[in-house]
Amino acid sequence: MPRIILDTLTSTLITYPVKIRYSDINTARHVGNDKMISLIQEARIELLTQLGFKNDGDTAVTYVVADLGVNYKAEAFFADELIIEVGVSDIKEKSFDVLYKVTNTKTHHVVAEAKTGLVFLDANAGKTTQIPAALLTAIDKLSTL
């Protein structure tokens, strides 16, 4: 069966540690696919927060997730400690991709790789808009650290 082909994370901007909770486990006794999506969402929000971007409803520019892809590589279990590496790629005028690599800190197995495509919107007009210059500057600054 063909798999989704995702770009490989080549430059990590932040790392986001996660400890798997019992509520993340499904009936197969491993992290559910939906929970992994929630974990990468938390990592994305942490990245954007560190970059100084607020998506709190009070800003003129917001974003939507236009697409999402996840390749599950290994199981993760209750109490496992994971590290989510997060980076940005394919920066365009109004969008960019956020890439993720999720690794088990004990086994060093890659648990998942993922990508979310973000499109920026003028919150008042409801139309696509350019990525805020301050956000692009913050990405560049974090990339050089």
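When a residue number appears, it is its place in the shown sequence, counting from 1.
Hydrophobic clustering of Ile, Leu, Val, Met, Phe, Trp and Tyr side chains at less than 4.5 Å, counting indirect connections, unites I45 with V61. Under the 4.5 Å side-chain heavy-atom criterion for ILVMFWY residues, no single connected hydrophobic cluster contains both L9 and I91. The same ILVMFWY cluster, assembled from side-chain heavy atoms under 4.5 Å apart, contains both M36 and V65. Linking Ile, Leu, Val, Met, Phe, Trp and Tyr whenever their side-chain heavy atoms come within less than 4.5 Å leaves V64 and L47 in two separate clusters.
Checking side-chain atoms of T12 against main-chain N and O of I14 turns up no donor-acceptor pair under 3.5 Å. Formation of a donor-acceptor pair under 3.5 Å by the Y63 side chain with backbone atoms of L121 is not found in this model.
Rounding to the nearest 0.5 Å gives a distance of 10.0 Å between OG1 of T105 and NZ of K19. Rounding to the nearest 0.5 Å gives a distance of 10.0 Å between CD of E81 and NZ of K106. Separating the CG atom in D7 from the CD atom in E113 is a distance of 10.5 Å, to the nearest 0.5 Å. In this structure, CD1 in I25 is found 11.0 Å from CZ in R29, a value given to the nearest 0.5 Å. The line from CG of L99 to NZ of K101 is 12.0 Å long, rounded to the nearest 0.5 Å. In this structure, the separation between CZ on R44 and OG1 on T49 is 10.5 Å, given to the nearest 0.5 Å.
Heavy-atom contacts from other residues, nucleotides or ligands closer than 6.0 Å to NZ of K115 number more than 12.
A pairwise comparison of heavy atoms in A114 and L6 identifies CA-CD1, 3.8 Å as the closest pair. Contact between A43 and V86 at its shortest, heavy atoms only, is CB-CG2, 3.7 Å. Closest of all the heavy-atom pairs between L13 and S143 is CD2-OG, 3.4 Å. Closest non-hydrogen pair, G69 versus I4, comes out as CA-CD1, 4.5 Å. In terms of heavy-atom proximity, A74 sits nearest to H109 at CB-CB, 4.4 Å.
Taking 4.5 Å as the limit, every side-chain heavy atom of S95 sits out of range of all side-chain heavy atoms of I131. Taking 4.5 Å as the limit, every side-chain heavy atom of I84 sits out of range of all side-chain heavy atoms of T15. Contact of the V70 side chain with the I37 side chain is registered, since non-hydrogen atoms from C-beta on lie closer than 4.5 Å. L118 has its side chain within reach of V98: a pair of non-hydrogen atoms, C-beta onward, lies under 4.5 Å apart. The closest side-chain heavy-atom distance from K141 to L51 is not below 4.5 Å. For the pair T129/K127, no side-chain contact is recorded, criterion being any heavy-atom separation below 4.5 Å from C-beta on. A heavy-atom distance below 4.5 Å is not found between the side chains of Y16 and I83. The closest side-chain heavy-atom distance from L82 to T103 is not below 4.5 Å.
Between Y22 and F78, the ring planes are perpendicular. Angles over 60° get that label, and only those under 30° would be called parallel. Note: F96 and F120 have tilted aromatic rings, judged against thresholds of 30 and 60 degrees for the angle between ring planes.
Results of the side-chain contact (heavy atoms from CB on, under 4.5 Å) test with I139 over T137, L135, L142 single out L135 as the only residue that passes.
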(Q) Using side-chain contact (heavy atoms from CB on, under 4.5 Å), reason through Y72 and V111 one step at a time and then give a plain yes or no. (A) CA-CA 6 Å; Y72 299 94; V111 175; over 6 Å; no
Q: Starting from the C-alpha separation in whole Å, work towards a yes-or-no answer on side-chain hydrogen bond (donor to acceptor under 3.5 Å, both in side chains) for Y100 and T116.
A: CA-CA 9 Å; Y100 314 83; T116 50; 2.7 Å; yes
